[in-house]
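Structure first, commentary second.
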Amino acid sequence: MRKTCRPVIVVHGGAGTWHPVRSQPAIENVKDAAKTGFNTLKSGGTAVDAVVEAVALLEDTGNFNAGIGSALNIEKQVEMEASVMDGETLQAGAAGLLSDIRNPVRLARVIMEKSDHVFVVGKGAEELARLFNLERRKPDLTVKIKNYETQLSGLLEGKYVLPKLEALVKAHPELFQLETVGAVALDGKGNVAAATSTGGFPLKLPGRIGDSPSIGCGTYADNQSGACSASGVGEIAIRLVLAKTVCNHIENGKTPQEAVEKAVALVNKRISGIYNVVGLVAVDVHGRIGAAHSSPNLCWAYMTAGNEEPVASVTAKVLK
Ligand code: ASP
């Protein structure tokens with residue numbers, strides 16, 4: 001007999017510092033994304049459908065470091081990346097080094113469903129987007145170039161090198177907002193999925209790939225445990241295989257909230273300094289959710305059958 005579950009979705013708009021002026025529209029955006037994903041689930045869509053629709057909506061807002069809002073690399077270029085994972089089949093798809101795909105998360109899904117590969121970047125990925133008629137759209141660079149100029153002058157003045165980074169981040173937190181987007185969901189059939197999308201770390205080197213498209217690091221889903229999407233400094237989530245670590249904790253009996261807290265505590269313990277910025281959201285196969293971060297804020301929202309409207313916040317459990 002097929003299992004029926006009460007669907008749940010959790011979305012995030014990134015770990016970082018969300019000042020009130022910027023957080024207002026972002027909160028509305030994550031609520032819209034949670035609602036869109038939840039309506040997809042309610043009308044019989046799969047967890048994969050839900051996380052892809054929720055993330056695509058956030059990519060289109062321009063208010064996050066993903067899709068049209070993507071940050072610039074050191075060469076003033078956009079290199080977007082995204083991934084999706086289906087907890088039922090353990091199938092996964094990821095794309096990177098994308099310059100003009102409107103919705104990188106949809107390309108990640110194409111790679112998962114239409115290719116034999118998990119991770120395709122650059123020209124090959126953009127060619128797949130062409131073959132499957134995915135929309136193209138150049139990200140809007142105006143605001144991003146202004147941020148880039150300030151970041152670059154900090155770098156040239158020697159303020160961006162590691163020993164000075166802490167002071168620079170404290171003085172100008174707005175320059176280092178991370179704001180990747182992601183979603184995790186449980187559908188009515190008991191399947192979980194996760195998706196994550198980003199422009200990557202501001203001023204990153206060309207060709208740098210972060211955690212967001214790296215399966216197990218920024219995104220993981222497995223029906224034996226649950227699903228997790230990460231945000232924050234990608235190099236940390238990669239080293240600690242963070243999304244999979246959260247799922248392992250769930251598989252070993254932790255609730256999603258305990259699991260994300262344990263993973264953030266691990267980051268705090270093992271990675272020192274200003275770089276230990278992470279934010280995690282998770283759901284398990286019972287529909288329980290979790291959210292925690294070490295950054296000042298995590299913009300996130302969730303919706304379950306028990307909520308008439310999505311619940312959103314710019315903080316979850318903060319662990320320093
Ligand atoms: N995790 C992303 C990266 O390092 C950044 C973010 O979360 O905003 O590429």
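When a residue number appears, it is its place in the shown sequence, counting from 1. All ligand and atom numbering here is 1-based and tracks the order in the structure.
Ser99 and Gln77 are not linked by any side-chain donor-acceptor pair at a separation below 3.5 angstrom, with hydrogens and angles left out of the test.
With a 4.0 Å cut-off on non-hydrogen atoms, Asp211 touches ligand 1 through its side chain and not its backbone.
Grouping the Ile, Leu, Val, Met, Phe, Trp and Tyr side chains by contacts below 4.5 angstrom, directly or via other members, places Val260 with Val278. Val233 and Ile271 fall within a single hydrophobic cluster, where Ile, Leu, Val, Met, Phe, Trp and Tyr are joined by side-chain heavy atoms under 4.5 Å apart, directly or via other members. Residue Trp18 is grouped with residue Val30 when hydrophobic side chains (ILVMFWY) are merged at heavy-atom distances under 4.5 angstrom, including chains of intermediate members.
The shortest N/O to N/O separation between Asn65 and ligand 1 does not fall below 3.5 Å. Not a single N or O atom of Glu235, backbone or side chain, sits closer than 3.5 Å to an N or O atom of ligand 1. Backbone and side-chain nitrogen or oxygen atoms of Gly234 are examined, and one is located within less than 3.5 angstrom of a nitrogen or oxygen of ligand 1.
The 12-atom threshold is exceeded at NZ of Lys244, counting heavy atoms of other residues, nucleotides or ligands nearer than 6.0 Å. Around the NZ atom of Lys269, the shell of radius 6.0 Å holds no more than 12 heavy atoms that belong to other residues, nucleotides or ligands.
Counting the atoms of ligand 1 from 1 in the order shown, those under 4.0 Å from a heavy atom of Ser231 are 6 (C), 7 (O), 8 (O). Shown in contact with Glu179 at under 4.0 Å from a heavy atom are these atoms of ligand 1, numbered in order with element: 8 (O). In the vicinity of Phe201, heavy-atom distances shorter than 4.0 Å reach the ligand 1 atoms 9 (O).
Closest of all the heavy-atom pairs between Ala47 and Asn191 is CB-O, 3.3 Å.
Nearest residue to atom 2 (C) of ligand 1 from Gly200, Gly232, Ala230 is Gly232 (criterion: closest heavy atom).
Ligand 1 has Arg208 within reach: a non-hydrogen atom of the residue lies less than 4.0 Å from it.
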